[in-house]
Each structure stands twice: as C-alpha cells, then as structure tokens.
Amino acid sequence: MRNPLSGVKRRYTHLVRFRHIMGVLIKYGFEEVAGLFARRLKIGLGSKSLPTAKMRDLAQTSPAKRVRLALQDLGPTFVKMGQLLSTRPDLVSESYIKELELLQDSVAPEKIENIRNHIKKHLGAYPEDIFESFDPVPIAAASIAQVHRARTKDGQEVVVKVRRPGIVKTLRTEMEIMTDLAVLLNNRIGDETFDPVRMVSEFTQAVTKEVDYANERRNQQRFANNFADDKTVHVPIVYEQYSNDGVLTMEYIDGIKPSQIERLKEVGLDPKFLAACGADFVLKQVFDHGFFHCDPHPGNFLVIADNVLVPLDFGQVGRLTKQDRMLLRYFILSIVGGDVSKLVTGLERSHVIDEETDLTELARDLEEILDTYANLPMKDIPFGEAISRTFEVIRRHRVQPPRDFTLMLKCLMTIETFATELDKDFQIIEHLKPYARKFSFEEIRPDTLFRQFRKASREAGEFAARFPEDAAAIVSKFRRGKFKIHVHHEHLEELEQTLDNSSNRIAFAVIIAALLIGSSMLVSEPGQILGLISLQTLGVLGYITAMIMGLWLVVTILRHRRY
C-alpha cells in the first residue's frame with residue numbers, strides 16, 4: 001500500500017526546489033520568467049529583487065551567458081541539460097551553444113565509503129575483495145559518476161566507473177520539476193517553433209540512458225566490433241564480469257590528450273595524421289555504420305603509440321534511420337554539388353517541413369548560403385560555418401529535422417573543430433568528397449534504378465487496383481450528397497469561375513468513371529440490344545467514349561495550365 005505521506009513529502013520537496021529555482025532566475029535577471037512560474041505554481045517570492053548595482057552588471061552581460069551561469073547555480077542536472085542542449089543547433093541559436101559548451105560538469109568526489117557500499121550493492125562484494133588493488137582517490141569526478149583506477153587479480157590495469165549513489169533518484173526528481181516548468185512555459189508561449197516539453201522529454205530519455213551503464217557497455221562493445229579491423233582506432237576493452245547497470249569496468253589507457261599538441265610532438269606522434277584519423281573515425285560511424293558517438297570533442301579521446309586514437313565515454317550515441325540516411329545523402333550532395341534543390345527535396349520527402357513554410361523562401365535563403373561560398377575553392381569552404389548558418393535558416397522556417405540527424409550534423413561540426421586544432425590546414429570537405437561520389441554513383445546504379453522502378457510499378461499497380469473501388473465511392477458520395485470540395489482561393493472575384501471550372505471537371509471525371517465501370521460490366525455480358533448491337537460492342541464504345549472525354553479533359557487542363 002502506498003504511503004499517503006509520500007505524496008505530501010514529494011510535493012514539499014518540489015516546492016522547496018521550485019523556490020530555489022525562482023531565486024536563481026531572479027539572481028541572473030530573469031525576473032519575468034520567475035514571476036510567471038511563481039504565479040502559476042502559487043509560490044510566494046517575498047520581496048526578492050535585484051539591487052541597482054547588480055542590475056547594471058547584468059545589463060552588460062549577454063542573455064546567453066546569464067543562462068549558463070544560472071544553469072551552473074542550479075546544479076548538476078541543469079548543467080547536464082545545458083550540455084545536451086549545446087549539441088542541438090536546431091533548438092537553440094549559435095550564441096547560446098557557444099556559452100553552453102563552456103559548462104563544466106565537475107563536482108567534489110563522493111565519499112569513498114559510499115563508493116565502496118555502491119560497488120558491494122552492484123557487484124556483490126567490496127572493491128578490495130574484488131580487485132587486487134583499488135585506488136580510493138578518483139582520477140575524475142563528475143555529477144553522474146566518478147572513475148577509480150584498479151588492478152584485477154590477474155594483473156590487468158583497469159578503470160572502474162562508478163555511478164554516484166542516489167543520483168538516479170535525484171535526476172528523476174529534477175526531471176519531474178523540469179517537466180512541470182516546461183508545461184507552464186509551453187502554455188505561456190504557445191509557439192510551435194519552441195517546444196520546451198519536447199526538449200525536456202528528449203533530455204529525460206538521454207540522461208536515463210547515460211546513467212545506465214549496461215547501455216553504455218553495449219554501445220562500447222558495438223564500437224569495438226565496428227572498428228575491430230581499423231588500426232588507427234582502439235576502443236577500450238570492457239570487463240563484463242566487473243560491470244552492470246551501476247558500475248562499468250574497462251581497460252586503463254595511458255594516453256595523451258589530443259589538445260596537448262606539443263606533448264604529442266615530443267613523443268613522436270603526428271598531429272596532422274591524427275586530425276585525419278579523427279575525421280575518418282567519425283565519418284565512418286555516420287556513413288558506413290549509421291551508429292555514432294554524439295560528442296567527439298578532444299576531451300573524449302586519448303592518443304597512444306603509433307598514432308592510435310582511443311575514444312572514451314559511450315553513454316550518448318546516435319542512430320541513423322533509413323530516412324535519416326536518405327536526408328543525409330541529399331544534404332551532402334547539396335553542399336558538395338552546390339545544388340539547393342536536392343536539400344529541399346530531401347526535406348520534403350522526410351516530411352519535416354511545416355505546412356506554413358514557404359518553400360520558395362526556404363530555397364532562397366539556402367541558396368544565399370551556397371552563394372556565399374560559391375567562388376571559394378572546395379577546400380576553403382568553412383564546413384562548420386555553413387552548417388551553422390543552415391541551422392539558423394532551418395529554425396527560422398519551422399523545419400524540424402529528426403533528432404539524431406541533427407546530432408549527427410553537430411557531430412561533424414565538432415570533429416572539424418577537433419581536427420583543425422591539430423592541423424590548421426585540415427579541410428573536412430576533402431574527406432566528404434569520397435562519400436559524395438559514392439552517393440552520386442548510387443543514384444545511377446542499375447540496381448538502384450531497378451529498385452526505384454519496381455517501387456513505382458508496385459504503387460501504380462496498387463493505384464490501378466483501387467481505381468474502380470475509389471471511383472464507385474465517389475459516385476456513391478454524389479448520390480448521397482456527401483461529396484465535399486475543398487477550395488483554396490487567392491482572389492474572391494475569381495472564386496465563382498474557379499468553382500465553375502472545378503465542378504465541370506469533376507462532373508466530367510465522374511462521367512468518365514461511370515462509363516468505365518458500366519463498360520466493364522457490359523463487355524463481360526452476352527446478348528444484344530433490340531437485336532441491333534451486342535452488349536460487348538456497346539461496352540467497347542463506352543471505353544472509346546471515356547478515352548476521348550479523358551483526353552479532352554487532359555488537353556483542356558494542360559492548355560489553361562490549371563493543374
């Protein structure tokens with residue numbers, strides 16, 4: 001039986017947290033938003049207000065920076081949401097993304113006694129009983145987990161990633177609060193281009209996966225399989241016997257951060273080669289596997305001997321569906337080939353364009369981006385800048401690309417930054433060219449054309465098979481007086497003529513359909529009418545009449561170009 005006091009306790013906990021959130025919003029100059037939430041939640045804010053000096057300081061600080069500072073004050077869950085939003089240029093503008101990318105997910109380490117108890121709970125014994133040695137001082141500590149070095153009893157050097165005790169419950173409470181706030185904000189804004197409820201829902205799904213180390217273990221093993229034959233990439237080995245949903249144990253890697261360029265050179269490693277390896281590593285994920293690391297920034301890599309990259313942290317990954325890959329093909333061909341129509345076609349076929357979007361204006365804005373780089377050599381086109389400007393256009397025209405497709409484009413932008421830090425002359429466009437050529441070739445391959453022809457034939461056959469039934473349904477609706485015509489007019493003075501033309505053509509279409517149906521019934525019947533003409537002949541004449549009327553109707557429509 002559920003404890004009746006638990007609901008009261010939960011409500012009290014939420015109210016306390018709500019008041020803290022309102023206080024932080026006021027602190028950073030978002031008094032209007034805090035007041036909105038307070039009124040809707042019926043929470044008193046007292047006489048809280050900003051001193052004049054503080055208001056002057058905030059007036060000189062950008063809204064994006066104030067958002068970042070507020071998220072840092074609100075704690076690890078809000079920091080994590082900010083970090084995830086920094087990977088979504090389809091939802092927030094570039095100025096906010098740059099600030100959100102500065103969020104640091106670093107907190108004080110958990111007490112070692114709590115870590116020991118957590119390991120015992122998940123692995124069945126204390127770490128000193130499982131491992132030959134276990135360092136109580138973590139080598140890294142974040143809001144969700146911390147990492148300790150250890151050595152297995154068979155002498156393997158490992159790292160043990162331990163989820164913070166109680167973090168799942170804390171995140172669940174925080175996400176409930178975020179959802180409540182998002183609903184209030186959504187009701188207030190009522191803007192289809194900004195959906196805070198959807199944003200929080202996606203964040204909840206992402207964080208739920210990130211705290212599940214069984215999910216991360218599966219992702220890491222899949223990456224290991226995908227790159228098993230690639231000599232430039234090494235994915236750390238996972239030790240399943242020391243891993244579950246709350247603990248992840250993997251091979252310890254003694255490597256160098258890619259950002260330590262001078263150190264790389266000192267030990268004989270080649271930054272330029274590593275830049276190319278990093279780009280190819282991500283491009284293979286996207287184009288060959290359709291399964292990719294969502295945040296390939298330098299902090300998620302190590303470099304070891306022989307210029308081998310070691311990717312880390314597989315909690316957040318993306319998966320490209322068949323539709324995503326189709327849109328990606330159009331996107332790359334559009335950029336490399338300088339053809340906007342391919343991208344607009346891809347967006348239309350993916351059904352991600354709002355009904356109110358003006359396709360002409362969308363194409364014009366995208367064309368303007370391409371024109372900016374039209375006279376530049378291919379190697380000099382700033383890929384990341386072009387993608388960023390494309391996202392601005394997408395947001396403005398209410399286009400909502402699939403989530404993982406957006407993450408993939410952001411992933412490509414991130415790896416370009418990663419590579420250019422290692423090699424100032426690096427150009428990702430050169431690495432994209434082979435894939436563009438592959439896509440172009442696939443469009444004209446005989447098996448692709450045959451597949452498209454077969455699909456079109458199947459759809460045409462299905463249409464032909466349904467035609468008598470659909471025509472009969474139209475006639476039936478006319479008989480019952482339930483046939484509806486939806487007319488969209490540009491000018492009221494043309495409405496009468498438009499309706500007259502439409503009704504005449506519909507009448508002709510119905511007569512043609514009736515002739516086809518009646519003729520089909522006659523040609524299969526024996527006998528004559530008044531001993532003069534056979535029923536089959538009458539049916540054939542009906543077919544001929546229907547064909548003549550149909551051709552006349554088509555010619556009339558084409559002549560007046562009203563179709």
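These numbers were taken from a predicted model, which means no experiment stands behind them.
By the neighbour-count criterion of 12 heavy atoms within 6.0 Å, atom CD of Glu368 is sparsely surrounded, having that number or fewer from other residues, nucleotides or ligands.
A ring-centre distance under 6.0 Å is not found for Phe287 and His431.
Closest non-hydrogen pair, Ala141 versus Pro109, comes out as CB-CA, 4.1 Å. Of all non-hydrogen atoms in His397 and Asp358, the two that sit nearest each other are ND1-O, 4.4 Å. For the pair Lys410 and Pro89, the tightest heavy-atom approach, listed with the atom from each and the gap, is CB-CD, 4.1 Å. Across all their heavy atoms, Val303 and Pro258 have their closest contact at CG2-CG, 4.1 Å. Taking both residues in full, the closest heavy atoms of His118 and Pro165 are given as CB-CG, 4.0 Å, listed atom of the first, atom of the second, then distance. Scanning all heavy atoms of the two residues, the minimum distance from Tyr213 to Asn244 falls at CB-O, 3.4 Å.
Using a distance-only test at 3.5 Å, with no hydrogens or angles considered, no donor-acceptor pair links the side chain of Asn226 to the main chain of Phe223. Side chain of Arg319 to main chain of Asp404: no donor-acceptor pair is present (N/O by atom type, distance under 3.5 Å, no hydrogens or angles). Judged by distance alone, with hydrogens and angles left aside, the side-chain atoms of Gln220 form a donor-acceptor pair with the main-chain N or O of Pro236 at under 3.5 Å. At distances below 3.5 Å, not a single donor-acceptor pair connects side-chain atoms of Thr357 with backbone N or O atoms of Ile353. Thr179 places a side-chain N or O within donor-acceptor distance of the main-chain N or O of Met175, the cut-off being under 3.5 Å. Of the possible donor and acceptor atoms, one in the side chain of Thr417 sits under 3.5 Å from a partner among the backbone N and O of Met413. Thr406 places no side-chain N or O within 3.5 Å of a backbone atom of Arg88 that could act as its donor or acceptor partner.
From Ser143, atom OG reaches atom CG of Leu171 across 7.5 Å, with rounding to the nearest 0.5 Å. The structure places OG of Ser93 at 12.5 Å from CZ of Arg396, a figure rounded to the nearest 0.5 Å. Rounded to the nearest 0.5 angstrom, Leu181 CG and Phe18 CZ are separated by 5.0 Å. To the nearest 0.5 Å, the span separating CE on Met408 from CG on Leu327 amounts to 7.5 Å. To the nearest 0.5 Å, the span separating CZ on Phe426 from CD on Glu416 amounts to 7.0 Å. Summarising the geometry, atom OG belonging to Ser259 is positioned 9.5 Å from atom CZ belonging to Phe418; distances are rounded to the nearest 0.5 Å.
Contact of the Met81 side chain with the Leu71 side chain is not registered, since no non-hydrogen atoms from C-beta on lie closer than 4.5 Å. Counting only heavy atoms from C-beta outward, the side chains of Leu274 and Thr232 never approach each other to under 4.5 Å. Between Glu251 and His234 there is a side-chain heavy-atom pair separated by less than 4.5 Å. Here the side chains of Arg163 and Asp245 are in contact, with some heavy-atom distance below 4.5 Å. The side-chain heavy atoms of Glu240 and Gln221, taken from C-beta on, include a pair separated by under 4.5 Å. With a 4.5 Å cut-off on side-chain heavy atoms, Met250 and Val158 do not count as touching. Residues Pro298 and Glu421 are in side-chain contact: their nearest non-hydrogen atoms beyond the backbone lie under 4.5 Å apart. Contact check for Val310 versus Phe301: no side-chain heavy atoms found under the 4.5 Å cut-off.
Lys284 meets the salt bridge (Lys or Arg N to Asp or Glu O under 4.0 Å) test with Asp230; sequence neighbours excluded. Applying the salt bridge (Lys or Arg N to Asp or Glu O under 4.0 Å) test to Asp212 and every residue at least two apart in sequence or in another chain returns nothing. For Asp295, there are no salt bridge (Lys or Arg N to Asp or Glu O under 4.0 Å) partners two or more places apart in sequence or in a different chain. Applying the salt bridge (Lys or Arg N to Asp or Glu O under 4.0 Å) rule to Glu216 yields the partners Lys161; only residues at least two apart in sequence or on another chain are considered.
Under the salt bridge (Lys or Arg N to Asp or Glu O under 4.0 Å) test applied with Asp73, the options Arg68, Lys27, Arg66 reduce to a single match, Lys27. Leu362 pairs with exactly one of Ile394, Leu343, Val393 by the side-chain contact (heavy atoms from CB on, under 4.5 Å) rule, that one being Val393.
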(request) Could you give me the CA-CA distance, side-chain angles and deciding distance for His293 and Phe281, then say whether ring pair (Phe, Tyr, Trp, His ring centres under 6.0 Å) is met? (result) CA-CA 10 Å; His293 193 298; Phe281 170 64; 7.6 Å; no

**Request:** Given salt bridge (charged side-chain N to carboxylate O under 4.0 Å, His left out), test Glu361 with Arg364 step by step and report yes or no.
**Result:** CA-CA 5 Å; Glu361 288 296 321; Arg364 182 179 291 115; 2.4 Å; yes

What's the verdict on side-chain contact (heavy atoms from CB on, under 4.5 Å) for Gln83 and Leu100, showing C-alpha distance, side-chain angles and the deciding distance? CA-CA 6 Å; Gln83 290 174 332; Leu100 294 175; over 6 Å; no

Report task. Begin with the C-alpha distance, continue with both residues' side-chain angles, and end with the deciding distance and a verdict on side-chain hydrogen bond (donor to acceptor under 3.5 Å, both in side chains) for Gln316 and Glu210. Result -> CA-CA 6 Å; Gln316 292 296 330; Glu210 189 167 346; 3.3 Å; yes

- Candidate pair Leu283 and Leu432, rule side-chain contact (heavy atoms from CB on, under 4.5 Å), full reasoning: CA-CA 8 Å; Leu283 294 176; Leu432 284 170; 3.7 Å; yes

Practice problem: Could you go through the side-chain contact (heavy atoms from CB on, under 4.5 Å) check for Thr249 and Val159 one step at a time? | Solution: CA-CA 6 Å; Thr249 303; Val159 292; over 6 Å; no

field: Test side-chain contact (heavy atoms from CB on, under 4.5 Å) applied to Ile115 and Ile112, step by step
entry: CA-CA 5 Å; Ile115 294 297; Ile112 187 58; 4.2 Å; yes

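Here salt bridge (Lys or Arg N to Asp or Glu O under 4.0 Å) pairs that include residues 111-120, with residues two or more places apart or in two chains, are Glu113-Arg116, Arg116-Glu128. Applying the salt bridge (Lys or Arg N to Asp or Glu O under 4.0 Å) rule to pairs touching residues 138-150 yields Arg149-Glu157, sequence neighbours excluded.
Ring-plane geometry between Tyr239 and Tyr242 is classed as tilted, the angle between the planes lying from 30 to 60 degrees on a 0 to 90 degree scale.
At a threshold of 4.0 Å, the pair Arg17-Glu174 counts as salt-bridged, since one of the basic side-chain nitrogens sits closer than that to a carboxylate oxygen. Between Glu202 and Arg198, at least one side-chain N (NZ, or NE/NH1/NH2) sits under 4.0 Å from a carboxylate O, which counts as a salt bridge. Residues Glu110 and Arg164 are paired through a salt bridge, judged by an N-O separation under 4.0 Å between the basic side chain and the carboxylate.
Between Ser388 and Glu94, the side chains place a donor N or O and an acceptor N or O closer than 3.5 Å (distance only, hydrogens not considered).
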